[in-house]
Amino acid sequence: MASISLTFPDGQSRQYDAGVTAAQVAQSIAPSLAKSAVSATLDGRHWDLQWPIEADGALAIKTLKDAEGLELIRHDLAHVMARAVQALWPDVKVTIGPVTETGWFYDFDRKEPFTPEDLGAIEAEMRRIIGAKDPIRTEVWDRARAIAHYEANGEPFKVELINRIPEGEPIRMYWHGDWQDLCRGPHLQNTGQLPGDAFRLMGVSGAYWFGDVNRPQLQRITGVAFRNRDELKAHLTMLEEAAKRDHRKLGREMELFHMQEEAPGMVFWHPNGWTLWRTLQDYMGRRLRRAGYKEIRTPQVLDRILWEKSGHWENYRENMFIVEVDEDGAKEKRINALKPMNCPCHVQVYNQGLKSYRDLPLRLAEFGACHRYESSGSMHGLMRVRGFTQDDAHIFCTEDQIGEECRAFIELLASVYEDLGFDGFEIKFSTRPEKRIGSDETWDKVEGALEAAIRATGRDFEVDPGEGAFYGPKLDFKLTDAIGRKWQCGTFQVDPNLPDRLGAEYVAEDGAKHRPYMLHRAILGSFERFLGILIENYAGKFPFWLAPRQIVVASIVSDADDYVREVTEALQAAGLRAEADTRNEKINYKVREHSVGKVPVILALGMKEVEGRTVSMRRLGEDGQKVMPLGEAIAQLAGEARAPDQRG
RNA sequence: GCCCCCAUAGCUCAGCUGGUAGAGCAGCUGAUUUGUAAUCAGAAGGUCGGCGGUUCAAGUCCGUCUGGGGGCACCA
C-alpha cells in the first residue's frame with residue numbers, strides 16, 4: 001500500500017498508509033484527541049473524520065472549540081431536525097438544510113402546515129435522537145444508485161439535487177440511526193456530540209424551492225444553535241435587546257410617528273419625529289450646500305408621457321402609483337404617476353436653458369418625496385415604505401469629472417456617517433448585470449472610470465459582479481450600527497443612458513453639443529429608513545443635537561413654577577428644545593417619566609434653585625445631578641446642541 | 001404577491017372546552033407641595049379590526065376582506 005505524508009499544524013509530518021482516515025490519524029496522535037475530534041481540515045478544506053485521505057497534505061484535527069466545530073453543530077442539527085420531522089410525519093419530503101449565521105434552516109415539503117406547537121414536538125424528538133448518540137457514517141454512492149434510491153423513496157427534491165451535483169463530485173450519503181440523507185458533509189462522529197441544550201427552533205415560514213416563485217413553496221423551519229447553553233442564552237438575550245430598540249416600538253413610545261390602515265407604507269410624522277427629521281435634513285442641507293450642490297424641488301405627479309420617455313412606464317409600471325384625472329372637457333382621462341424617483345425631474349431642470357461645459361459638474365440635490373407601490377409582504381416599519389424621501393442628488397458631468405466627483409462623494413459620505421455616530425462602512429462595486437441597456441463599449445468605459453475612481457481613494461471595496469443597475473455600474477455603501485448590523489444606505493451610480501433618453505446636453509469647448517454623464521447618488525438613502533436605523537442605533541437615546549426633546553425643566557414645588565417658566569423660555573431663546581413640566585407631581589415621578597421618555601437633560605428646580613438662580617442638571621444615563629448657575633447651564637447646553645458640522 | 005402567525009380600552013395584556021368583556025399603566029377629577037426613576041383616592045373608558053355564516057346564543061367556531069408580524073420572492 002502506498003504511503004502518504006501528512007503535515008500537522010505544528011509543522012511536524014508523519015507517514016500513513018494511503019486511505020487512512022482523519023479519525024485514525026487522531027487516534028495515532030492521542031486517544032483523547034480522537035475522542036474530542038469532530039472533524040478536520042485537509043489543505044484548508046473541511047474534511048470528515050471518516051473520509052479516506054489518499055495523498056500528501058496538511059491535516060488539522062478540529063474540535064468543538066474551533067470555528068469548524070460550531071458549523072458542524074449547526075449542520076448536523078439540520079439533519080437531526082429533518083430526521084425528527086420524518087419520524088413524526090413520515091410523509092414529509094426533505095429538501096435542503098444549510099447552516100446560517102446563527103444556526104440553520106431546513107425546507108420541507110408537506111401539505112399540512114407546521115404549527116408553532118409542532119416545533120416543541122420536533123425539539124423533543126431532536127433531543128431524543130441526540131440522547132441516543134447514534135454513530136454517523138458515510139458512504140460514496142454512484143449517481144444512478146442515488147437517484148434510483150430517492151425515486152423509490154418518493155423524494156423528488158433530492159433527485160433534483162443529485163442532478164445538480166457537478167460530474168466528478170462524489171455523491172455522499174450519511175446515516176445516523178436508520179435515517180439517511182444526501183449531504184456533501186462533513187459531519188460529527190455521532191449525534192451525541194450535539195449540545196442538546198444549546199439550540200432552539202425559532203419559527204416556520206414559507207420559502208420557494210431554489211428561491212424561485214414559480215417553483216413549489218416549501219415550509220422552512222429555522223433554528224439557532226451554539227456550543228453551549230450560555231452562548232444560546234446570550235444570543236436570546238441579544239434578540240430581546242434588539243427587540244427593545246425596535247424603531248416601531250420606540251416610534252410609538254417616543255411619539256415620533258405612526259402608520260395606519262388607510263395609508264399602508266406611509267408615515268404620519270408627529271411633532272417629535274418631525275423635529276428629528278428636520279434636524280437631520282437641515283444638517284444634510286448644509287453639508288450638501290458646502291459640497292457645491294444646489295437644492296431644488298420638483299413635482300410629485302407627472303404625466304405618463306415623461307415616464308414613457310424615461311423608460312419607467314415600460315419597466316416599472318406595476319410599481320408606480322397611477323393617478324387618473326378627469327379634466328374638464330377632455331375626451332380621455334389624463335394619466336399621471338406619482339414619481340417613483342427624482343432623476344427624470346432633475347434632467348428637466350438641467351434641460352432648461354443651454355448648458356456649457358463651464359456649468360459642469362452641475363450638482364442638483366433634492367429631498368425628493370417619492371412613491372413606489374411596494375408589494376404588501378415587503379413592507380416593514382420605516383425600513384421599507386411606499387412613500388419615502390431621499391437625500392437625492394444628480395451630478396451632471398463629463399467623463400473626465402467622474403473620478404473627482406466619486407472621490408469627493410465618498411469623502412462627504414464618510415464624514416456624514418461619522419457625524420451621525422456610525423463607525424465604519426463597507427463599499428461594494430457592482431458591475432454590469434445581464435439585463436441592461438447601452439453598448440458593451442460604453443459599459444467598459446464607465447466601469448473602468450468608476451473602478452479607477454474607487455481605487456484612487458485607497459479604500460477597500462468588494463466587487464459584486466452582475467449586480468449593477470440596468471443603466472450603469474454603481475458603488476453601494478453599507479454602514480454598521482451599534483449592535484453590529486449592516487445597512488446599505490449610500491449609493492453612487494454612473495448613468496450614461498438617462499441623459500440620452502431625456503435629451504440632456506451641453507456645449508463643449510469644441511462648440512459642439514455633447515451628452516453629459518449623470519451620477520445618481522444618495523448618502524442616507526431614504527429619510528424614513530435612515531431615521532429607523534438611527535432610532536435603533538441609538539435605542540432612542542439620541543445625542544443631544546439630534547434629540548427631539550432636549551431638555552425638560554421640572555418644578556419640585558409649585559412655588560418654583562414661575563422660575564421654571566423663566567428658565568424654559570431662556571433655553572428656548574437660546575435655540576434649545578426645552579419644555580416646562582409644572583404638573584402637580586413629585587419630582588421622582590417627573591424624573592422617571594422623562595428618563596423613560598429618553599430626554600437627555602432634566603433640570604429640576606426647587607426653592608434652592610429659585611433663590612440662587614441656579615439649576616440642578618440631571619443627564620440621561622448618569623446618576624446624580626450637578627447644580628450650576630443658570631447662565632452657565634444655558635451656555636453649556638447651547639454648545640452641545642450645535643450639530644457636528646457647526647462645532648468650532 | 002406567496003406561506004405561517006396575529007388583531008380585545010390610548011399602551012401592555014387576561015378572557016378554559018361558545019353563555020353578550022377584565023387587569024395594570026396612561027388619560028380625566030379630587031386630595032397631596034413633594035429634592036432626583038412610579039403619592040393616594042374616585043369616576044370614566046371597548047359596536048372584542050371590517051363584512052358574512054353556523055348556532056337558541058359568537059370575543060371564542062367557519063369563510064372572506066383589511067392591516068400588522070416572522071420568512072420567501074421583489075427592491076429601477
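We name chains A, B, ... by the order of the sequence lines, and we start the count at 1 in each one.
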Worksheet, complete the sentence: Taken to the nearest whole Å, CD/Glu253(A) to P/A37(B) is 20 Å

Worksheet item: For the pair made of CG in Asp107(A) and P in A73(B), what is the distance, rounded to whole Å?
Response: 10 Å

Practice prompt. Just name whichever nucleotide pairs with G35(B), Watson-Crick or G-U, keeping both distances under 3.5 Å, else none.
Written response: none

Response to the item:
Side-chain contact check for Val557(A): nearest option of A37(B), U34(B), G67(B) is U34(B)

Practice prompt. Could you measure between the two P atoms, the one in A9(B) and the one in G22(B), and give it in whole Å?
Written response: 14 Å

Worksheet entry | Interface with RNA chain B, restricted to residues 609-626 of chain A and to heavy atoms under 4.0 Å | Glu609(A), Ser616(A), Arg618(A), Gln625(A)

Fill in: His380(A) vs G68(B): side-chain N/O to OP1/OP2 distance below 4.0 Å
no

Discussion item. From the set A76(B), G1(B), U39(B), return the single nucleotide nearest to any side-chain atom of Lys586(A).
Written reply: U39(B)

Item to complete: Kindly say whether the aromatic ring centers of Phe268(A) and Phe257(A) come within a distance under 6.0 Å.
Response: no

Practice prompt. For residues Asn342(A) and Gln390(A), report the shortest heavy-atom separation together with the two atoms involved.
Written response: ND2-OE1, 3.2 Å

Worksheet item: Taking C-beta and beyond as the side chain, do Cys345(A) and Lys339(A) meet within less than 4.5 Å on heavy atoms?
Response: yes

Item to complete: Would you indicate which nucleotide in A37(B), C4(B), C72(B) comes nearest to any side-chain atom of Gln217(A)?
Response: C72(B)

Practice prompt. Compare the minimum distances between each of G1(B), C75(B), A37(B) and the side chain of Ser376(A), then state the nucleotide with the smallest one.
Written response: G1(B)

Fill in: Base paired to U64(B) (Watson-Crick or G-U; both N/O distances under 3.5 angstrom)
G50(B)

Practice prompt. Say whether, by atom type as modelled, one donor and one acceptor occur between the side chain of Gln86(A) and the main chain of Val92(A) under 3.5 angstrom.
Written response: yes

Worksheet item: So do Leu630(A) and Glu609(A) actually touch side chain to side chain, heavy atoms under 4.5 Å?
Response: no

Worksheet item: Picking from G70(B), U36(B), C5(B), which would you name as closest to the side chain of Asn588(A)?
Response: U36(B)

Response to the item:
Taking a pair to mean Watson-Crick or G-U wobble geometry with both distances below 3.5 Å, C28(B) pairs with G42(B)

Item to complete: Indicate whether OP1 or OP2 belonging to G70(B) is found under 4.0 Å from a side-chain N or O atom of Arg248(A).
Response: yes

Worksheet, complete the sentence: Met383(A) CE to G69(B) C1', in whole Å, measures 15 Å

Worksheet item: Looking at side-chain heavy atoms only, is the closest gap between Arg248(A) and Leu382(A) below 4.5 Å?
Response: no

Practice prompt. Compare the minimum distances between each of C75(B), G71(B), A76(B) and the side chain of Met341(A), then state the nucleotide with the smallest one.
Written response: A76(B)

Item to complete: Please state the C1' separation for the pair U55(B) and G63(B) - nearest whole angstrom.
Response: 16 Å

Worksheet item: Between atom CZ of Arg304(A) and atom CD1 of Ile322(A), what is the distance when rounded to the nearest 0.5 Å?
Response: 8.5 Å

Item to complete: Please determine, for C13(B), whether a Watson-Crick or G-U wobble partner exists with both distances under 3.5 Å, and give it or none.
Response: G22(B)

Discussion item. Can you check the distance between C56(B) and G18(B), where both ends of the measurement are the C1' atom (answer in whole Å)?
Written reply: 12 Å

Fill in: Gap between atoms CD and C1', on Glu261(A) and G68(B) respectively (whole Å)
9 Å

Discussion item. So if I apply the ring pair (Phe, Tyr, Trp, His ring centres under 6.0 Å) rule between Phe492(A) and each of Phe477(A), Phe409(A), Phe429(A), Phe461(A), which one comes out positive?
Written reply: Phe409(A)

Worksheet item: Can you tell me the Watson-Crick or wobble partner of G1(B), both distances under 3.5 angstrom?
Response: C72(B)

Worksheet entry | Proximity to the side chain of Arg592(A) - top-ranked nucleotide from A76(B), A37(B), G68(B) | A37(B)

Practice prompt. Can you tell me the distance, in whole Å, between the CD atom of Glu112(A) and the P atom of C5(B)?
Written response: 13 Å

Worksheet item: Looking only at N and O atoms, is any donor in the side chain of Arg220(A) or the base of C4(B) less than 3.5 Å from an acceptor on the other one?
Response: no

Worksheet item: When rounded to the nearest Å, what value does the distance between C1' atoms of G45(B) and U33(B) take?
Response: 30 Å

Worksheet item: Backbone N or O of Ser558(A) within a donor-acceptor pair of the Ser555(A) side chain at under 3.5 Å?
Response: no

Worksheet item: CD of Glu593(A) versus C1' of G27(B): gap in Å, rounded?
Response: 12 Å

Worksheet entry | Separation of G68(B) C1' from Met379(A) CE (nearest whole Å) | 10 Å

Item to complete: Check every atom of G27(B), U34(B), C74(B) against the side chain of Tyr589(A) and return the nucleotide holding the closest atom.
Response: G27(B)

Practice prompt. Could you work out the separation of G42(B) and C4(B) based on their C1' atoms and round it to a whole Å?
Written response: 47 Å

Worksheet entry | Nearest listed nucleotide, side chain of Ile556(A), among A37(B), G35(B), G67(B) | G35(B)

Fill in: C74(B) phosphate, OP1 or OP2, under 4.0 Å from Ser378(A) side-chain N/O
no

Worksheet item: Any side-chain N or O of Arg252(A) less than 4.0 Å from the OP1 or OP2 oxygen of C11(B)?
Response: no

Item to complete: Pick the P atom in G69(B) and in A23(B), then give their distance to the nearest Å.
Response: 31 Å

Worksheet item: Taking the side chain of Ser558(A) as heavy atoms from C-beta outward, which of U66(B), C3(B), U33(B) is closest to it?
Response: U33(B)

Worksheet item: How many Å lie between CG on Leu239(A) and C1' on G69(B), as a whole number?
Response: 15 Å

Practice prompt. Assess whether one donor atom and one acceptor atom, taken from the side chain of Tyr373(A) and the base of G1(B), lie less than 3.5 Å apart.
Written response: no

